[in-house]
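Following: one structure in structure tokens, then a few remarks.
Values below: every heavy atom of this structure, side chains too, minus hydrogens, waters and symmetry copies. In this text the structure is predicted, and so the values were computed from the model without any measurement. So that the names make sense, note that chain A is the first sequence line, chain B the second, and so on, each numbered from 1.
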2 protein chains.
Amino acid sequence: MPRRGLDSRQVIDAAASIADRDGLEAVTLARLAHSLGVRPPSLYHHVAGHDAVLRAIALRGLGELTACLQAAALGRAGPEALAATAVAYREYARAHPGRYAALQRGPAPGDSEHEEAALAAVQVLSAVLRGWRLEGEEMLHAVRVIRSALHGFVSLEAGGGFALPLDRDRSFERLIETLAAGLSPAAG
Amino acid sequence: MPRRGLDSRQVIDAAASIADRDGLEAVTLARLAHSLGVRPPSLYHHVAGHDAVLRAIALRGLGELTACLQAAALGRAGPEALAATAVAYREYARAHPGRYAALQRGPAPGDSEHEEAALAAVQVLSAVLRGWRLEGEEMLHAVRVIRSALHGFVSLEAGGGFALPLDRDRSFERLIETLAAGLSPAAG
DNA sequence: CTGCTTAGCCTAAGCCTATTAGGTAGACGC
DNA sequence: GCGTCTACCTAATAGGCTTAGGCTAAGCAG
């Protein structure tokens with residue numbers, strides 16, 4: 001019985017791939033073990049269990065999403081930054097539906113590593129909103145508005161919620177325009 | 001062994017209650033059967049299986065949600081109607097988190113009953129948007145914008161996505177204002 | 001090279017799901 | 001009372017997660 005030389009990184013890689021290809025619910029330890037050429041109990045040497053795998057997928061997704069958002073926002077400001085960030089958000093979710101789904105299960109209470117990763121992603125949005133010169137709590141509310149809109153769109157789109165044969169790209173553009181226009185009358 | 005006189009209605013009632021109280025993933029046939037004083041296989045006389053139970057919860061949720069939205073929109077127009085409908089949407093999701101979660105799994109392809117129930121809920125939003133005098137496809141895009149925003153907010157809120165100690169009611173008000181202001185410059 | 005330790009992988013087993021097959025018994029029409 | 005329907009049952013299959021315990025390959029000390 002040859003050794004595979006697995007480590008937790010490879011396990012999470014495989015899990016994220018399965019999630020993206022066949023859906024998050026397809027990420028079972030049996031399936032994961034099979035894809036790695038190993039028996040399910042062997043996975044416990046690398047990950048703590050099924051929940052830990054899902055959390056690790058979410059954590060990886062958060063890191064990647066944050067990087068995508070930062071790359072999109074870099075060098076841009078105002079409505080242009082908002083649009084670019086929004087598009088990057090949607091593209092990430094479409095390219096990695098399984099990771100995005102994993103990310104919807106929020107951090108467990110007290111899981112500070114997970115909480116901080118989520119915060120990092122949110123802070124990109126916060127930076128993007130600088131152009132709107134919102135003050136204090138209004139900025140935080142605005143971030144929630146943006147997050148809600150983006151997450152809602154992406155989530156409905158992924159779940160087949162947009163059944164009509166109507167251009168979804170156009171709907172997304174309208175969403176961004178609505179946000180940009182509605183966030184503040186003082187916006188540029 | 002006394003008969004309980006179950007029917008599928010009671011089974012779905014119990015399933016929806018479990019979902020709201022302990023989360024959708026707590027709706028197992030074992031748990032459901034136990035709550036009804038019956039063994040799991042007996043449930044198959046009333047429902048087709050686990051998937052069918054989840055679908056039935058979603059269907060019930062859609063019906064109830066549609067009714068709530070209609071009640072909120074009735075006798076109102078324009079931004080007031082939008083605000084009332086949005087509040088009703090959020091309140092339903094908060095009062096029935098399990099049913100709302102069930103509803104996020106969209107209709108299976110070809111499940112026309114489910115698709116029509118979803119359409120009915122969406123049409124309330126469509127009616128609410130009449131005040132914005134949007135033409136043709138713009139109306140449909142606007143409905144998607146509203147749905148995205150509402151669903152996103154409610155979904156993040158339910159998943160603990162709003163971690164900061166910041167008033168969520170106020171955030172929701174800002175969301176509604178943003179939508180109302182941004183939907184169209186021609187809005188009332 | 002020999003022998004010890006570590007750690008990766010295994011099988012076996014327990015307990016939880018969902019589901020199917022087939023039996024029992026209460027309730028209703030005649 | 002008799003037959004039938006059906007609500008419920010037990011038993012069993014299949015597959016999920018997880019733990020316990022054993023085997024062995026790999027790496028290191030001497």
Side-chain angles (χ1 to χ4, degrees), chain A residues 1-60 98-99 101-102 104-105 107-108 111 114, chain B residues 1-60 98-99 101-102 104-105 107-108 111 114:
Chain A
M1 36 206 86
R3 302 215 173 177
R4 296 286 177 295
L6 283 185
D7 61 14
S8 59
R9 159 115 191 194
Q10 293 173 57
V11 174
I12 306 306
D13 281 344
S17 296
I18 293 172
D20 285 339
R21 196 170 342 112
D22 298 321
L24 191 60
E25 70 286 350
V27 180
T28 67
L29 293 189
R31 172 81 185 275
L32 185 51
H34 182 77
S35 84
L36 291 164
V38 127
R39 306 290 175 153
S42 303
L43 296 176
Y44 284 82
H45 289 273
H46 307 290
V47 294
H50 187 242
D51 271 1
V53 170
L54 297 184
R55 175 182 174 275
I57 297 175
L59 228 46
R60 167 159 314 183
R99 297 170 208 216
Q104 291 184 229
R105 308 158 33 101
D111 182 349
H114 196 159
Chain B
M1 37 206 83
R3 301 216 173 175
R4 297 284 178 298
L6 283 187
D7 60 15
S8 58
R9 160 116 192 195
Q10 291 173 58
V11 174
I12 306 305
D13 281 346
S17 296
I18 293 172
D20 285 339
R21 197 171 341 112
D22 297 321
L24 191 60
E25 71 285 349
V27 180
T28 67
L29 293 188
R31 171 81 185 274
L32 185 51
H34 182 79
S35 84
L36 291 163
V38 127
R39 305 290 175 155
S42 303
L43 296 176
Y44 285 82
H45 288 273
H46 308 291
V47 294
H50 187 243
D51 271 1
V53 170
L54 297 184
R55 174 183 175 276
I57 296 174
L59 227 48
R60 168 161 311 184
R99 296 170 209 216
Q104 292 184 226
R105 309 159 31 101
D111 182 349
H114 195 160

(Q) Ignoring hydrogens, what is the shortest heavy-atom contact between His46(A) and Asp7(A)? Give both atom names and the distance. (A) ND1-CA, 3.7 Å

Q: Please determine if a side-chain N or O atom of His46(A) lies less than 4.0 Å away from the OP1 or OP2 oxygen of dC9(C).
A: yes

Q | Phosphate-side-chain proximity, Ser42(A) and dC10(C), N/O vs OP1/OP2 below 4.0 Å | A | yes

Q) Within a strict 4.5 Å, meaning less than it, do heavy atoms of the Gln104(A) and Leu24(A) side chains meet? A) no

Q. Less than 4.5 Å apart, any side-chain heavy atom of Arg55(B) and any of Val47(B)?
A. no

Once you round it to whole Å, what is the distance between [atom2] of [N] and [atom1] of [X]?
| X | N | atom1 | atom2 | value |
| --- | --- | --- | --- | --- |
| Gln10(B) | dA7(D) | CD | P | 12 Å |
| Tyr44(B) | dA12(D) | OH | C1' | 14 Å |
| Asp51(A) | dC17(D) | CG | C1' | 10 Å |
| Glu25(B) | dA18(C) | CD | P | 13 Å |
| His34(A) | dC17(D) | NE2 | P | 14 Å |
| Leu29(A) | dG16(D) | CG | P | 10 Å |
| Arg39(A) | dC9(C) | CZ | P | 13 Å |
| Leu43(B) | dT20(C) | CG | P | 13 Å |

(Q) Closest approach to the side chain of Ala30(B), judged atom by atom: which nucleotide of dT18(D), dT20(C), dT17(C) is it? (A) dT17(C)

Q. dT19(D), dC9(C), dC9(D): which one has an atom nearest the side-chain heavy atoms of Pro41(B)?
A. dC9(D)

Q: Begin from the C-alpha positions of Leu59(B) and Ile12(B) and carry the test side chain to side chain contact (heavy atoms under 4.5 Å, CB included) through to its verdict.
A: CA-CA 10 Å; Leu59(B) 227 48; Ile12(B) 306 305; over 6 Å; no

(Q) Just to be sure I understand the rule, does His50(A) reach a base, reach only the sugar-phosphate, or reach nothing, if contact means heavy atoms closer than 4.0 Å? (A) sugar-phosphate

Q. Pick from Asp13(A), Thr28(A), Leu32(A): which one makes a side-chain contact (heavy atoms from CB on, under 4.5 Å) with Ile18(A)?
A. Leu32(A)

**Q.** Most 5' of Gly49(B) and His45(B) on DNA chain C, judged by nearest nucleotide
**A.** Gly49(B)

